[in-house]
Structures are given as structure tokens and as C-alpha cells.
Amino acid sequence: MAYYQEEIETMSRDAMTALQSERLVKQVRHVYDNVEPYRKKMQDAGVEPGDIKGIEDLAKLPFTTKDDLKDAYPYGFLALPLKDCVRIQSTSGTTGKRVVAFYTQHDLDLWEDGCARAIVAAGGSDTDVCHVCYGYGLFTGGPGLNGGSHRVGCLTLPMSSGNTERQLTFMEDLEATIICCTPSYAAFLGESAHDAGITGKLKLKSGIFGAEAWSEEMRREIEKSLGLKAYDIYGLTEISGPGVSFECEEQTGMHVCEDHFYPEIIDPATGEQQAIGTKGELVFTCLTKQAFPLLRYRTRDITLLSRDACSCGRTLTKMKRLMGRTDDMLIIRGVNVFPSQIETVLVGQGYPANYLIIVDREHHTDTFEVQVEMSEDVFSDEVKVIEKKEAELLAALRSMLGISPKVTLVAPRTITRSEGKAVRVIDKRKI
Ligand code: DLL
């Protein structure tokens, strides 16, 4: 059995708890001394660093939310001088919703270690050719898996996303054995490889897929079409990026890198900590990060934790495949989209807030349409006028969201009014 960091990945529960406790105590002192919003939150909650003696005291600490980060944008949660930081990464979204995460070299190292653990758990070694087609840039997918692949010593193909024909050519010619991308792109590549008649020529053995929700059915379909074993990988920019947790060959959930990121499940309504095995909202505490060390960050992702023995020998707590979110965030073609962002653009462009977001999946690619109702004063039945207005709206939405929806303007009073809560999103994807 191969591990990237065997001592940590197979550590006894008692030793892990002791390590986590020691790290938490230090981390709480670091944030209290250096992050103003945390000092204030802890003072408001009547907690001092000295009250936190180990992981059992974690629930005494206040939560952190995306809104806290937004209010403190961009530097409020930075715990070190900028001169000590070497990188930023960011979530997609508006300036208001965008989260900018800062990393020291140490933070990049532990993030890449998480990705390296994932690659080794998927059967990777220095003899592999690792084809990374997550996006590179501010998105954490490309840089994270790229770094992990280097650490393992794979020959790394930094392909980034797009240009499917070139992806397939490199995959075939350079005999890629591991592929890292979103599951929907993997399914699309499978279909494209079939159309190009090269399925039998590919040497892929493992795929590391994450950043969006996918199902067991989709897993089996991708495994069949690309001829590989498909592993789930999870992460989020606020906590580091991909590799916060990763799947092993048992394929029954993702081992959390809990020596760095302590996972809790809470009841999203009350904030109460839940027992292992209970479904709820996933919360993470960064135990070792230096520059952007969030405590009890509410991910809004719903799952449950498990400490059942795993056949791979890893003792790291597992989180099950994600079961949804507690907020209205949509992930469309890998980009995080909030309906409120769309509303901001519409209102800013003089449209009423009557709109419908329709998301579907065709040929394994997300389709994304925004239907917008014209008010009487912008209404026109001239096709040219409408097309011009649609193009203007599309440009504004693209600039806000980072992806392009199909924009359809509809006549006044044609979008069905709801009697209760407005229905703004129709998500037809079966995942
Ligand atoms: O999506 C990091 C990542 C990159 C993970 C590549 C895996 C692979 P964000 O853009 O900040 O970061 O989005 C984080 O994406 O809170 C989940 O809702 C969702 N998500 C991430 N991984 C999975 C997964 C990256 N395996 C948000 N299954 C998270 C389902 C996932 N949803």
C-alpha cells in the first residue's frame, strides 16, 4: 500500500487528537494576536485563547462565515504581513462575494501535500504522467493538482481547461496515465474520445475529479468511457483548495487531511456540533495555515463524517460524497454562481427583478440560461432592438459571473409570479 505521508495518514486516533489539540492551541493564539475580527468575535463570545486547551474546546469558538470574509475584504482576515505571503487564489464571483485567500510558502506546501496525498491514493507515483485540465489562474484546481503532481514526481502536463481536441492529442501522444478535471469535463472528454475513435489508445488508469457535485452513476459512466478508476476530491478556496479531502481505492468517501483541517458537522439551524455519522453542515478549522487561518469556517456543504476502518489503511476521518448545500449557490461549469449576483446585474441595467435561471446538462456540459422580463418601458417587439439589449445584458453578466449564460428577454408579465417564495432557479441536472 502506498501513502504519500504514511505516518500522518495512518496515525492512531489518540496520536491524531493530541497533534490536533497541540496545533489548535497555537493557532488560536496566532489568530487572536493577529486577526482583528477574530479578536473581536472571541471577546464578544467571552472566550480567551487560554480557554482553548485542546480540540475538545473547539465548540467554544465562534464560527466564521462567507459574509464575515466579505465584510473584511480583502485584508481583514490576513494574519501575517503581506511581505510574508507569496500567492493569492480566489473564488469566482463578484467583488462583493469574491474571497481572496493568501498563502505563505508553508501554506502552499501543505496544500500541495494534500493534493500529493490524493494522487498517491489514486495509485500515482513518479512513473506516472499526470494530465491536469482543471483551470489554472485564480481558481485553485489547476495550481493545486499541478503542485501535488510535482511533489509526487509525476511528469506533469499543465493543460488547463478548454480546447478538447488538443487535450485528447496530448493525452494520447504523451500517454497520460492520470487525469485531473471536473467530473462533467471528464464525461465530455470520454464522449469526445469515443467520437474521435481513440478510446482504445488512451493509457489512463486514474481520474481525480471534483469541484462540483457528481453521482455514483456518473462515476461508473466516466470509468467506462475513459477506461479508468474515478476518485472524488474535495476542497474550497477559503480553506486552501483541492486536497482538503480525497478518495482512496475503496471509493466510499474522502479522507480529510485532518492534521491540517479539522472537520466538524453542525446543525445548520442551531450551530450545535453533531456526532460522527450525523448529516449536517461541514465546518473546517485550519490548524496549521499561517496567512489565512480560518477558524470554524461554515462551508455550507452538507455531508456526514465517518471513522469506520478503511481497507486502504488510512485512519483519517472520511467525509461522504457531498449531499447538497445550505445556501443557494449553484456550481455551473465549475464556476460558483449566486442568484443574487444575477439580480444585481439586472437591477443595475434597469430591468425589474423578475427572472428565471434555468440550468441543465446536455452531453455532460452544463447549459445555463437566464430569462429576463422586460418592463413596459424597455419593452420592444423589434427583433434588432431586443438582440442588442440581450447582447448588452450578456456582456454585463459575463463580466460579473465569469461565465456566459444564454440571455433571453421575454415580454412584460410573462414570468410566472409565485405566491410564496419566488422560484428563481430551475436546476434540471440529474446529479
Ligand atoms: O472547487 C476547489 C477544488 C478544485 C476542489 C478542484 C476539487 C477539485 P471553490 O471554487 O472555492 O474551490 O469551490 C468550493 O465547490 O464548497 C463545494 O460546494 C464544491 N465542491 C468542491 N469539491 C467538490 C466535490 C474548489 N468533490 C465548493 N463534490 C465547495 C461536490 C464539491 N462539490
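Indexing begins at 1, ligand by ligand and atom by atom, following the structure's order. This is a predicted model, so every value here is computed, not measured. This chain uses plain numbering: 1 for the first residue, then up along the sequence.
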Please output the side-chain donor-acceptor pairs of residues 272-280 that fall under 3.5 Å, not counting sequence neighbours, one pair per line with the distance.
{"unit_1": "Gln273", "atom_1": "NE2", "unit_2": "Glu264", "atom_2": "OE1", "d": "2.6"}
{"unit_1": "Gln274", "atom_1": "NE2", "unit_2": "Glu272", "atom_2": "O", "d": "3.0"}
{"unit_1": "Thr278", "atom_1": "OG1", "unit_2": "Ala275", "atom_2": "O", "d": "3.1"}

Counting heavy atoms under 4.0 Å, the part of Leu236 that contacts ligand 1 is both

Mark yes or no for whether Ser125, through its side chain, and Thr127, through its backbone, hold a donor-acceptor pair below 3.5 Å.
yes

For Trp214, is at least one N or O under 3.5 Å away from an N or O on ligand 1?
no

Show me the side-chain donor-acceptor pairs of residues 189-202 shorter than 3.5 Å, one per line, residues at least two apart or across chains.
{"unit_1": "Ser192", "atom_1": "OG", "unit_2": "Phe188", "atom_2": "O", "d": "2.8"}
{"unit_1": "Thr199", "atom_1": "OG1", "unit_2": "His194", "atom_2": "N", "d": "3.4"}

Which atoms of ligand 1 have any heavy atom of Arg325 under 4.0 Å away?
16 (O), 18 (O)

Salt bridge present between Arg321 and Glu216 (N-O < 4.0 angstrom):
yes

Going by heavy-atom distance to atom 16 (O) of ligand 1, choose the closest among Thr303, Thr237, Asp301.
Asp301

With atom 25 (C) of ligand 1 as the reference point, say which of Gly210, Gly235, Ala118, Pro183 has the nearest heavy atom.
Gly235

Under the side chain to side chain contact (heavy atoms under 4.5 Å, CB included) criterion, do Val28 and Met42 qualify, and how do the steps go?
CA-CA 10 Å; Val28 171; Met42 285 175 62; 3.8 Å; yes

Can you see whether Asp113 engages Gln5 through a side-chain donor-acceptor pair at a distance of less than 3.5 angstrom?
yes

Considering the heavy atoms of Thr91, write down every atom of ligand 1 situated less than 4.0 Å from one of them.
11 (O)

Select the closest option to atom 32 (N) of ligand 1 among Thr140, Leu322, Leu330, judged by heavy-atom distance.
Leu322

Atoms of ligand 1, numbered as shown, that sit under 4.0 Å from any heavy atom of Ala213
30 (C), 32 (N)

Cation-pi, Tyr355 ring and Arg424 (6.0 angstrom, 45 degrees):
yes

Any idea which part of Val99 is under 4.0 Å from ligand 1, heavy-atom wise: side chain, backbone, both or neither?
neither

Quick check: Ala211 and ligand 1, any N/O pair under 3.5 Å apart?
yes

Short version for Ile331: what comes under 4.0 Å of ligand 1, heavy atoms counted, is side chain

For the aromatic rings, using the six-membered ring if either is Trp, is the centroid distance between Tyr297 and Phe63 under 6.0 Å?
no

